[in-house]
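Down below is the structure, laid out as structure tokens.
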Amino acid sequence: MPIIEFQDVEYTYNEGYEGETRALGGVSFSIEEGAFVALVGHNGSGKSTVARLMNGLLLPGKGRVKVAGMDTADKKNLFDIRKSVGVVFQNPDNQMIATIIEDDVAFGPENLGLPPAEIRQRVDFALEAVGMSEHKRGTPFRLSGGQKQRIAIAGVLAIKPRVMVLDESTAMLDPQGRKEVMDVVMRLNRQENMTVVMITHFMEEAALADRIIVMNGGRVLADGGVEVFRRAAELKDAGLELPLACSVADRLRAAGLELPEDIVTDEQLAGALCR
């Protein structure tokens, strides 16, 4: 059974009122447990609405969203759904609620009503997983942007969700901060088998995922692996650019150099050029 299912989902903001805006118009897809999926699209494509529908922060106007077989429209499921799907948002400062890092990470488990010993174990696990154990007694407000986002991820990890959704979680970070966060996310997916849904407009980040879902105008434009990047004209029409390595490789092929068709990362391009 898929861990997340969208079945002909529609959503409209301010429905029935002046200025209503249709965000999704019949979106269908499913995500298997343990997958690493990138959801990409320009601003207004509907990708952040999808994130909020995944853990019941929004409910579909039409269609159905299921998490581990549970319908998000059924109120009695919401507690279990929100334990199953953790969301990390764009600005880490908006997610900090305590002045001590370990207290901040403990906030989620405490609200689940867990015993103190279990909370301690979860906090230690989460901080270790994101490489921030040495900072546990410090204050989050003296950390870099990348470190703050790692603490935000730890706060979600401490709940031990089955799915982590990152909603533009690297958008406000510098390149080093984005790398720190991506290293943590990829390790959690590969080593802990955590399902990751990464919503991003950085195509280089999307290239690291096993599957890429492209949103445009509230609908799914493309869904697949790195072969999605071969649809350059459609992506450009949707306001998206290819990863830089793809663009460079395409230009080199046009100039007569023989290169593999599946190059999407800088490392793959460098390796192919060296060979």
Side-chain angles (χ1 to χ4, degrees), residues 1-9 24 27-41 46-60 63-89 105 108-109 112 114 118 121-122 125-126 128-130 149-150 152-170 181-200 205-215 220 222-228:
M1 180 195 309
I3 187 71
I4 291 178
E5 296 176 86
F6 274 58
Q7 302 171 356
D8 297 317
V9 174
L24 298 179
V27 170
S28 297
F29 62 81
S30 61
I31 295 174
E32 298 297 323
E33 192 150 19
F36 183 5
V37 178
L39 192 67
V40 300
K47 58 189 189 298
S48 288
T49 302
V50 168
R52 286 157 174 77
L53 285 161
M54 282 182 177
N55 79 336
L57 288 174
L58 297 177
L59 300 178
R64 217 177 245 189
V65 177
K66 289 186 176 181
V67 175
M70 297 179 287
D71 194 330
T72 61
D74 190 335
K75 291 184 178 180
K76 74 175 187 295
N77 292 331
L78 284 180
F79 183 75
D80 288 330
I81 286 171
R82 288 172 182 164
K83 283 199 303 180
S84 299
V85 181
V87 182
V88 182
F89 294 103
V105 177
L112 294 178
L114 299 175
E118 174 72 5
Q121 186 273 330
R122 290 193 180 205
F125 157 77
E128 177 67 27
V130 300
Q149 199 60 286
R150 284 154 67 185
I153 291 173
V156 172
L157 271 182
I159 302 172
K160 292 196 172 179
R162 296 169 66 181
V163 182
M164 179 176 290
V165 179
L166 297 109
D167 186 9
E168 301 278 12
S169 301
T170 62
V181 171
M182 290 306 301
D183 287 346
V184 169
V185 169
M186 292 180 69
R187 186 169 68 250
L188 290 170
N189 175 251
R190 306 293 191 247
Q191 297 179 10
E192 304 290 337
N193 198 40
M194 179 171 288
T195 306
V196 173
V197 180
M198 181 179 63
I199 295 169
T200 182
E205 290 180 354
L208 299 173
D210 303 319
R211 177 181 170 196
I212 303 160
I213 299 175
V214 182
M215 299 286 297
V220 175
D223 185 352
V226 294
E227 69 273 7
V228 165

Heavy-atom donor-acceptor pair, [X] side chain to [Y] backbone, under 3.5 Å:
| X | Y | answer |
| --- | --- | --- |
| Arg64 | Val9 | no |
| Arg211 | Gly225 | no |
| Thr195 | Val163 | no |

Mind running side chain to side chain contact (heavy atoms under 4.5 Å, CB included) on Val50 and Phe29 for me, showing each step along the way? CA-CA 11 Å; Val50 168; Phe29 62 81; 3.9 Å; yes
Would you check, one step at a time, whether the test side chain to side chain contact (heavy atoms under 4.5 Å, CB included) holds for Val196 with Val37? CA-CA 6 Å; Val196 173; Val37 178; over 6 Å; no
State plainly whether the residues [X] and [Y] are in salt-bridge range, i.e. N to O under 4.0 Å.
| X | Y | value |
| --- | --- | --- |
| Arg162 | Glu33 | yes |
| Asp210 | Arg190 | yes |
| Glu192 | Arg187 | no |

Distance check, rounded to the nearest 0.5 Å: [X] atom [atom1] versus [Y] atom [atom2]?
| X | Y | atom1 | atom2 | result |
| --- | --- | --- | --- | --- |
| Ile212 | Leu39 | CD1 | CG | 11.0 Å |
| Phe36 | Met186 | CZ | CE | 6.0 Å |
| Met54 | Asp167 | CE | CG | 10.0 Å |
| Asp74 | Lys66 | CG | NZ | 11.0 Å |
| Met198 | Asn189 | CE | CG | 10.0 Å |
| Met70 | Ser84 | CE | OG | 4.5 Å |

For the residue pair [X] and [Y], what are the closest heavy atoms and their distance?
| X | Y | answer |
| --- | --- | --- |
| Val67 | Val85 | CG1-CG2, 3.6 Å |
| Val27 | Val220 | CG1-CG2, 4.0 Å |
| Gln149 | Phe89 | NE2-O, 3.3 Å |
| Val87 | Ala51 | CG2-O, 4.5 Å |
| Pro161 | Gly86 | CB-N, 3.7 Å |

Suppose we screen for side chain to side chain contact (heavy atoms under 4.5 Å, CB included). Which residues come up paired with [X], at least two apart in sequence or across chains?
| X | result |
| --- | --- |
| Leu112 | Phe79, Lys83, Leu114, Arg122, Ile159 |
| Thr49 | Tyr11, Tyr13, Ala23, Leu24, Leu53, Leu58 |
| Ala126 | Val105, Ala154, Leu157, Ala158 |

Does a side-chain heavy-atom distance below 4.5 Å link [X] with [Y]?
| X | Y | value |
| --- | --- | --- |
| Asn77 | Thr72 | no |
| Glu205 | Met182 | yes |
| Ile153 | Leu188 | yes |
| Gln7 | Ser30 | no |
| Lys160 | Phe125 | yes |

When Ile199 is tested against each of Val88, Val165, Leu166 for side-chain contact (heavy atoms from CB on, under 4.5 Å), which residue passes?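 When Val88, Val165, Leu166 are each tested with Ile199, the side-chain contact (heavy atoms from CB on, under 4.5 Å) holds only for Val165.
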Show your reasoning for whether side chain to side chain contact (heavy atoms under 4.5 Å, CB included) applies to Val40 and Met215. CA-CA 6 Å; Val40 300; Met215 299 286 297; over 6 Å; no
Modelled atom types, side-chain donor and acceptor of Glu168 and Thr200, under 3.5 Å: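 No donor-acceptor contact under 3.5 Å links the two side chains.
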